Amino acid sequence: MLKGLSFLVILANIGLGLPALASEPIRIGSVLSVSGSAAFLGEPELKTLQLYIEKTNQNGGVLGRPLQLIHYDDGSDAGKANSFAKRLIDDDKVDILLGGTTTGSTMSMVPLAEKAEIPFISLAGGTVIIEPVKKWVFKTPHTDRMASEKVFTDMKSRGISKVALLSETSGFGQSGKKETEAVAGRFGITLVANETYGPKDTDVTAQLTKIRNTPEVEAVFVYGLGQGPAVVTNNYQQLAIGLPLYHAHGIGSEQFITLTGTASEGVRLPAAALLIADKLADSDPQKAVVTGYRKVYREAFQEDVSTFGGHAYDALMIALNAFAKAGVNDKAKVRDAIEQTKGYMGTGGAVTMSPTDHMGLDETAFRMLEIHNATWTLIK
Amino acid sequence: MNEVQKSPFLGLWFLGVTLILLLALLPNGYFLDIAIRMAINAIIIIMLNLLIGFAGQISLGHAAFFGIGAYSSAILPAHFGWPSALALVFGALFSGVLALILARLIFRFKGHYLAMVTLGLGIIVSVILTNETAWTGGPDGMAVQDLDLLGHKLPGDRSWLGLTGFLLILCVWGTINLMESPFGRALRALHGSETAAAAAGVDLARYKMAVFALSAVPTSIMGSLTAHYVGFVTPNLAGFTHSIEMLTMVVLGGMASIYGSVLGAVLLTALPQLLATLDGWETVALGAILVITMIFLPKGIVPTLTVYLGKHSR
Amino acid sequence: MLAPFLQYLISGITVGMVYAFSALGFSLIYNASGVVNFAQGEFIMLGGMLAVFFSKAGLPFPAAAVLAIVIPTLLGMMIERLTIARAKNAEILSLIIITIGISLVLRGLTQIFMGKAVHALAPISDSRPIHLAGAVMHSQSPWVLGFTVTVMAMLWYFFRHSLSGKKILATSCNRSAAQLMGINTQWVMTFSYAMAAALGSLAGVLITPITMTSYDVGIMLGLKGFIGAVVGGMGSGMGAIAGGLIVGIAESLGAGYISSAYKDAMAFLLIFVILFLRPRGLFGAKATDRV
Amino acid sequence: MNLLEVRNLSKSFGGIQAVHNVSFAISPGQIYSVIGPNGAGKTTLFNLITGIYLPTAGEIFLNGSKIDGQPPHRLAGLGISRTFQNLQIFMNMSAIENVMVGAHLRLDRNILKASLRLPALRRRDKILREEAAELMAFVGLEACVTQAADSLAYGALKRLEIARALASKPRLLFLDEPAAGLNPAETQGVQELMQKVAAAGITVVLVEHDMKLVMNLSNRILVLDYGKKLTEGTAEEVCRNPDVIAAYLGVHG
């Protein structure tokens with residue numbers, strides 16, 4: 001009965017409108033959190049993969065072979081991610097693994113990718129994914145450490161040194177908290193308050209009141225994504241705290257602005273250029289790819305892009321370039337091709353990987369943005 | 001009760017043969033993975049059924065013991081260099097003692113109060129696992145070293161299925177005997193009427209403590225084995241959703257039915273895999289299946305079938 | 001030193017009122033059928049999501065709100081008729097599993113048809129916060145408080161003086177005796193589910209401007225409501241509201257004074273203490289098992 | 001030496017004095033009945049002695065040693081066994097298993113031995129099952145030895161409960177309205193059963209409304225009214241006592 005099932009699965013996926021390319025499809029396996037607490041990130045990631053695989057197939061696929069996406073939703077549960085990764089590797093026999101929306105899901109898939117020796121490009125932010133470097137594991141999003149460094153550089157430029165940190169008890173938030181605490185000293189910044197809130201909390205006035213009553217706090221740095229930061233920003237306005245408010249790159253999507261409205265005025269955050277594509281100077285090397293992706297995504301889904309969708313775009317493009325260069329069947333060659341990605345201009349920034357850096361982004365990939373009357377603006 | 005008249009060990013042979021067939025025929029790691037998870041869940045659900053089906057107690061936080069087992073096998077070897085077997089035993093003892101203390105404190109509680117207290121245990125354990133980042137790696141979870149049983153490691157997935165399958169058969173054999181013994185009858189009497197059981201000499205507090213510990217320890221051991229098998233643990237192993245999944249497996253399979261527990265575990269482990277390709281409709285399908293089964297098979301699948309077959313076969 | 005305490009208290013009461021509505025829903029259905037309805041949280045989610053859906057579709061707030069309450073109410077009745085009522089002679093646990101199944105179906109359908117994004121709703125009055133001696137209250141809180149008090153008064157009158165209210169109380173005491181007295185217990189069951197759904201969705205509409213909503217907010221709201229109902233004494237309306245408020249305030253004070261990470265754990269520890277001292281809840285009826 | 005002695009026993013639920021300052025004694029081998037109009041406190045007195053309720057005041061002695069306040073399961077160990085006014089049967093088990101549970105304290109309840117199906121334990125269980133079958137025959141249920149408890153008639157369940165109580169080989173057997181809801185033929189059967197039990201040397205304490213049954217069976221009778229002790233004595237003494245007649249039949253003229 002189970003054997004019949006996997007045949008059914010392949011059949012279901014072929015029905016995705018593949019043109020009549022005779023040759024064997026390149027099988028791209030992906031496990032994303034399209035439901036559960038990280039659905040906020042997983043859904044744009046899946047839509048981007050499906051959109052660009054279909055587009056690539058329309059212009060003849062890669063090396064004359066059509067692309068076939070085999071996707072499972074892990075529902076933001078690392079245990080399910082592990083079991084679906086095994087299914088992709090052992091049963092669906094995929095050629096490459098893209099995915100792992102959250103650091104937890106990614107880390108539960110890493111031992112499988114390493115054992116099966118199959119290239120695996122993660123879309124999650126955790127530094128632990130590429131530190132220490134793992135032979136078969138890569139990632140496209142910036143690390144949380146880079147976000148903290150970018151925020152602290154901006155704070156230094158405004159003479160701020162006493163900062164209150166409010167981090168979310170989610171994977172993203174806690175990994176960010178660890179990195180922020182690690183790098184604060186280097187920038188001469190002391191964390192005078194260190195509070196947390198739950199990803200599903202609907203009210204954080206208690207924590208913010210505690211922060212407001214810490215005497216020498218000069219600015220507040222919130223590390224979270226999805227609904228949490230929006231609740232924090234609204235409560236922040238209600239309590240009229242008035243100190244400069246910084247967020248991490250986790251709020252990089254239009255939804256944050258719609259949820260907070262006027263409360264987002266003056267909020268600063270590090271983010272990929274994707275959010276301010278149209279405001280980039282024409283000379284900016286990223287302008288083309290960023291505006292291109294944004295236009296295609298908007299046409300296809302009538303909704304705005306998010307940086308998370310951008311990570312999926314970069315991962316797919318890096319994978320396809322590697323296939324084009326090194327063929328498909330020899331997984332070790334594909335791995336080497338990914339590791340040698342040089343100067344790939346992605347939505348996240350210029351990617352130059354090396355045997356010791358499986359991400360390839362430097363801090364220029366991040367731009368400091370400020371929200372002015374509900375629009376992202378670049379800080380010079 | 002017709003289940004008992006037919007020799008109960010008939011089902012055991014069936015399980016044994018199925019295990020051997022699976023070991024021989026399952027093509028790759030993925031199907032072995034499903035079978036291993038089914039065996040692990042079946043053991044947990046049989047022991048949970050002792051608590052819910054046989055003894056009539058309720059636990060909405062049973063995944064807490066699974067989480068304690070999983071995390072002791074992750075933390076103790078990683079931070080303290082303990083051998084994995086010792087970590088497993090520690091987790092089991094810790095869960096057992098916790099279950100004894102909890103049962104002693106709340107043995108007067110019944111029905112939804114008991115549900116509430118066990119729910120609280122589950123949430124407290126998963127909140128601790130989420131927030132003690134230094135030890136548990138926080139919400140992103142942490143890696144788990146390989147299981148080494150007296151020096152040598154379990155080679156491949158097939159040996160994992162062999163181990164868990166054997167443990168399942170042992171567990172079924174043991175619980176059938178246990179339920180046919182004075183201890184088992186005292187437990188079921190507890191469910192029938194606590195007052196009458198006490199009047200017959202059953203020490204309610206001691207038996208509730210015993211059945212809580214008896215269901216907590218194996219769950220913790222299975223948590224440890226899963227941690228080593230998957231190689232990674234996250235806090236939602238101890239979470240509310242996992243506890244509800246366990247409860248559903250018990251009730252779906254059949255309360256106070258050992259083979260019902262096995263069936264409930266097998267079905268609800270396979271279901272997410274079968275529904276995985278419905279992208280977006282899985283939750284609806286799972287919910288609908290639960291509702292429909294509970295309406296047409298209110299006593300759970302196996303008891304209802306046994307009654308149905310019993311009526312017709314005579 | 002007073003300002004932070006006042007702030008914690010106010011935010012605790014605001015969140016507590018939401019838990020109180022959820023607890024009330026639990027008590028109503030428990031009263032009529034002895035079932036702990038785990039789909040109660042989804043009614044609150046549906047109220048919020050439908051209100052957002054209709055106001056985005058251009059309906060003025062009152063119209064959107066009414067629709068966002070009527071639809072879940074009809075859904076509640078349909079659920080009772082099609083599932084709970086049909087599960088004849090099922091054990092309580094099987095009925096609870098049915099409500100868990102229903103909550104999965106409701107959550108899955110909302111996720112598919114209304115998406116996974118987080119939505120907000122404009123507050124009823126303008127959104128400038130209200131300042132009270134150093135503490136700040138969301139402009140929506142007085143509306144929530146007002147509705148809670150009116151609903152409590154209506155329920156009190158309904159159960160004290162109206163015939164149908166007494167019918168529900170009679171059914172909860174002894175179902176077969178009520179049937180003998182000619183009470184249509186079937187109607188009582190359906191009506192209780194409808195009322196619980198209406199209360200839940202009303203709560204959803206009221207709190208969405210403060211807490212925002214998405215397809216999966218139902219789980220935690222349902223859970224906290226269950227705790228509130230048990231703390232207040234399962235089956236007592238007054239107890240449910242008091243229990244919900246206590247859970248909300250305990251969480252807020254715990255987060256403020258002890259540690260925000262362990263907020264949920266602390267709410268439970270407090271509740272263990274209350275249940276340990278008073279096993280049947282604050283307002284629960286004293287039950288000596290007649291042997 | 002009295003088998004059971006009760007001194008100034010009282011129990012109040014909130015304001016209500018269910019049992020007030022009751023004293024009496026039972027010597028071994030007797031059939032001792034407790035009678036009184038509804039609400040006189042008979043079942044409450046039973047529940048106090050068998051540990052279901054905690055007394056508000058007073059003491060209870062079994063063979064001279066104090067037993068008030070002991071939980072029911074420890075009292076069972078001291079040879080006290082009982083049936084209940086509204087049937088407490090383990091409906092989730094078979095009839096014979098109900099009786100086997102009665103013998104709980106005489107059995108090896110070790111978990112490990114049971115799980116490993118050790119022969120010693122299996123043998124004792126087989127002997128117990130036969131013993132239970134004999135007891136069911138003793139109370140007249142030989143036909144239902146293989147049936148499930150929830151398929152038995154009300155009258156049969158009443159007898160099953162007595163069989164279960166006997167399974168613990170008690171010295172003192174409390175029967176709470178054994179004849180309630182039975183037709184005359186069944187009541188006659190219960191009377192014979194009582195006599196057989198007493199003949200087997202077990203002291204029986206009976207709460208009953210059926211006056212004919214009480215008068216035929218009882219060696220001594222305690223009469224309660226509104227929780228207070230009205231009188232105590234042999235069947236004839238109680239019959240002729242004016243207070244008893246007044247309490248039962250209401251005052252004449």
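Remember, predicted model here, so these are calculated numbers, not experimental data. We name chains A, B, ... by the order of the sequence lines, and we start the count at 1 in each one.
- Residues of residues 49-70 of chain B that come within less than 4.5 angstrom of chain C, heavy atom to heavy atom, are B:Ile52, B:Ile58, B:Leu60 in numerical order.
- A distance of 6.0 Å separates CG in C:Leu109 from CH2 in B:Trp281, rounded to the nearest 0.5 Å.
- Residue C:Phe159 places its CZ atom among more than 12 non-hydrogen atoms of other residues, nucleotides or ligands, all under 6.0 Å distant.
- Counting heavy-atom neighbours within 6.0 Å of B:Arg104 CZ, excluding the residue itself, gives a total of 12 or less.
- With a 4.5 Å cut-off on non-hydrogen atoms, C:Ile96 does not touch chain B at all.
- C:Phe268 places none of its side-chain heavy atoms less than 4.5 Å from the side chain of B:Leu121.
- For the side chain to side chain contact (heavy atoms under 4.5 Å, CB included) criterion with C:Ile97, the lone passing option out of B:Val291, B:Val251, B:Leu252, B:Thr293 is B:Val251.
- Note: B:Val284 leads B:Val284, B:Leu297, B:Leu286, B:Leu290 in heavy-atom pairs under 4.5 Å with chain C.
- For the options B:Ile124, B:Val125, B:Asn131, heavy-atom pairs under 4.5 Å to chain C are most numerous at B:Asn131.
- Once rounded to the nearest 0.5 Å, the distance linking CE of B:Met294 with CG of C:Leu95 reads 10.0 Å.
- Taking 4.5 Å as the limit, every side-chain heavy atom of C:Tyr215 sits out of range of all side-chain heavy atoms of B:Thr283.
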(request) For side chain to side chain contact (heavy atoms under 4.5 Å, CB included), just list the numbers for B:Ile295 and C:Ile84, CA-CA rounded to whole Å, side-chain angles, deciding distance to a tenth of an Å, and then say yes or no. (result) CA-CA 8 Å; B:Ile295 290 176; C:Ile84 306 283; over 6 Å; no
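- No part of B:Glu194 comes within reach of chain C, as not one of its non-hydrogen atoms sits under 4.5 angstrom from that chain.
- Of residues 98-106 of chain C, those residues lying under 4.5 Å from chain B by any heavy-atom pair are C:Ile98, C:Ile100, C:Gly101, C:Ile102, C:Leu104, C:Val105.
- Contacts of C:Ile219 with chain B are made by side-chain atoms alone, with heavy-atom separations under 4.5 Å and no backbone atom involved.
- In this structure, CD1 in C:Ile227 is found 6.0 Å from CG in B:Leu119, a value given to the nearest 0.5 Å.
- Contact of the B:Ile106 side chain with the C:Phe272 side chain is not registered, since no non-hydrogen atoms from C-beta on lie closer than 4.5 Å.
- Both the backbone and the side chain of C:Val230 come within contact range of chain B, with heavy atoms under 4.5 Å apart.
- The local environment of CZ in C:Phe53 is sparse, with at most 12 non-hydrogen atoms from other residues, nucleotides or ligands closer than 6.0 Å.
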